[in-house]
Protein chains: 2
Amino acid sequence: MESAEKGATEKPPAPTRPRTRDAEATKARILDAAKREFAKNGLGGARVDVIAEKARANKRMIYHYFESKEGLFQTILENAYVDIRTAEQKLNLDHLAPKEALERLVRFTWDYYLKNPEFITLVNSENLHRAKHLKKSEVVKVYSRKFVSMVATILDRGAAAGVFRPGVDPVQLNITIAAIGYYYLTNRFTGAIVFERDLMAKDALEERLRFNIDTILRLVAA
Amino acid sequence: MESAEKGATEKPPAPTRPRTRDAEATKARILDAAKREFAKNGLGGARVDVIAEKARANKRMIYHYFESKEGLFQTILENAYVDIRTAEQKLNLDHLAPKEALERLVRFTWDYYLKNPEFITLVNSENLHRAKHLKKSEVVKVYSRKFVSMVATILDRGAAAGVFRPGVDPVQLNITIAAIGYYYLTNRFTGAIVFERDLMAKDALEERLRFNIDTILRLVAA
DNA sequence: TCGTTAATGCACTAACTGGTTACTTGTTAT
DNA sequence: ATAACAAGTAACCAGTTAGTGCATTAACGA
C-alpha cells in the first residue's frame, strides 16, 4: 500500500523506478490477481498456478509473501472488508438529514456491490468455510464497530427529529440494507431463470435500487 | 439401510422387498449423501469419493446413475428447487386474508431455510457457476411461474381489499422476502464477527423473523 | 568493491482427483 | 435351471494440485 520509495537516499534518478525487482509491485499484482481468481472460483476452486500466471509472478513468490493459499485468501478477505468499511466512513452521513443519510447509505451499498462484485463472492466463499479466516482478523472487528455506530447515530437522529420511529435495531437494519442488495446480485443467475427476467439490465438495476430505498425508508418511517 | 435377511428364497412374502441389491435405494442414498457433501463444500470442493463413502455405495455407481459429478449436482439442484416450490404450493395461501397470507409466506420461507440449510448453499454454489446447471432444467421454470403468480394473487387481493397499496411488483417482493431471510442465514458466520452477536441463538432467530415480517408488511401497507 | 539480504526462477513431488476398465454377483423372466 | 441383464466392486490411470528445495540474481549498505 505504500507508494513512495524507501531508500530516498538522493540516488534514484528516475522518479518512477524501473526496477527489475520490486517487492511491493509484485505483492500488489499477486493480491489483485488472487482477488479475481478467488472471486471467480471460490477458495477451493481457485488455482494457485493460475494466480501466479495472472500476476505475472512466479508461484514461489506467493508462498514467499503469503505462506499458503489460505494465507493469501485471508489477506485478500481482510483487505476487502477494510476497503468497504473505509469507503463507508468517507460518506460523511452525519452532515445529512436522517432520511437523506439513510438513502445515501442504501445507494452506496448497492453501488459498491455493483462495482466490486468480488466482494460478494469472497464473502460467500468465506461463509462456506464458516468464517474461519475472518475470525483471525482484529482489524475487521474495529472497523465493524464504527460502521454499526454510524447507522445507530442516523437512527437516533431520525428518531429525535420525529421522522423515524424509535426502537429500530441498527444491526437488524444494517443486515436488511445489505441483504436486499446482496441477495439480488449474488443470486442474479438463478434469479434470471426463476423470474424469467434480465436482472442486470440497466433499467432493472435502477428499479431495484428505487425499490430498496423505498423498502428501507418505509421500514423506519415514523 | 437394509436390515432384513437375504435368504427369503421362496416367493417374496414381504411386499417391501428386502433386497440385497436395490437400485432405487442406492440411488437415494447417493442423492442424500451428495446433497450434504455439495452443501458442505460446494461443487468444486465436494469429493466424489467422499460422496460414495457416505452413501455406502461404490463410486462407480455414481457414474452409472448420474454420468458425472456435474450431472449429479444438476439432479440435486433440480430436486432442491422442486422441493421448495412444492412445499410453497401446499401453503394454501388463497384461503387466508392477504395480510395473513403474506405473513405466512415470510414465515414459511424463513423456516424452510432454517430447516434446509443445504438449499441455500446449493443455490450459492450454482450462482458461482453462473447457473449453468439450472439453465438446463425445464421443470424449474414451470414451478417458478406458479410461485410468482401465487404472490401476485395475494398482492392483487390485498390491493382490492384496500389493505395493500397497489402497484407493488410481485417479483421485487418475492426477491425481498427471500433476501432478508437468506442473507441473514447464509452470512451468519461473517455476520457473527462483524456484528459481534450470536445470530443463531434462539431469541436472535425469533427476533429476526419478527423483524422480517414487519419489514414486508410495512413495505406493502396501504 | 564486496558481502549480505531479499527477490526470483526452475524443476520436482507426494498426495489427490474425477473418471474408467475389467470383472463378479444377484435377480428375474422364461 | 439358466440365459440375459442389472447391480455392484476393486484396482487402476492420467492429469492436477498445493507446496518445496535449491540455485541464481539484483539491490544496497558499508
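Below, chains carry the letters A, B, ... as their sequence lines are ordered, and counting in each starts from 1.
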What integer distance in Å separates [X]:[atom1] from [N]:[atom2]?
X        : N       : atom1 : atom2 : result
Tyr65(A) : dT5(C)  : OH    : P     : 17 Å
His64(B) : dT21(C) : NE2   : C1'   : 15 Å
Asn58(B) : dA7(D)  : CG    : P     : 14 Å
Lys59(A) : dG21(D) : NZ    : C1'   : 13 Å
Met61(A) : dA6(C)  : CE    : P     : 13 Å
Ile62(B) : dG18(C) : CD1   : C1'   : 10 Å
Lys27(B) : dA6(D)  : NZ    : P     : 13 Å
Arg56(B) : dA7(D)  : CZ    : C1'   : 16 Å

Options [options], nucleotide nearest the side-chain atoms of [X]:
X        : options                  : result
Ala23(B) : dA7(D), dT17(C), dA18(D) : dA7(D)
Arg47(B) : dT17(C), dG21(D), dA7(C) : dT17(C)
Arg60(B) : dT21(C), dT8(C), dA18(D) : dT21(C)

*So, is Ser68(B) close to the dG19(C) phosphate, meaning a side-chain N or O under 4.0 Å from OP1 or OP2?*
no

*Has Thr26(B) got a side-chain N or O lying under 4.0 Å from the OP1 or OP2 atom of dG8(D)?*
yes

*asked:* Looking at every non-hydrogen atom in both residues, tell me the closest pair between Leu72(A) and Ala34(A) and how far apart they are.
replied: CD2-CB, 3.7 Å

_Reported CG-to-CD1 distance for the pair Asp169(B) and Ile175(B), which is rounded to 0.5 angstrom_ = 8.0 Å

*Is it true that a side-chain atom of Ser137(B) and a backbone atom of Leu134(B) form a donor plus acceptor pair closer than 3.5 Å?*
no

*Give Ala46(B) one of three labels, base, sugar-phosphate or nothing, depending on what nucleic acid heavy atoms sit under 4.0 Å from its own.*
sugar-phosphate

*Anything under 30° is parallel, anything over 60° is perpendicular, the rest tilted; go ahead and classify His133(B) against His129(B).*
perpendicular

*Can the ring centroids of Phe38(B) and Phe73(B) be said to lie less than 6.0 angstrom from one another?*
yes

*5'-most by nearest nucleotide on DNA chain D - Ala57(B) or Gly45(A)*: Ala57(B)

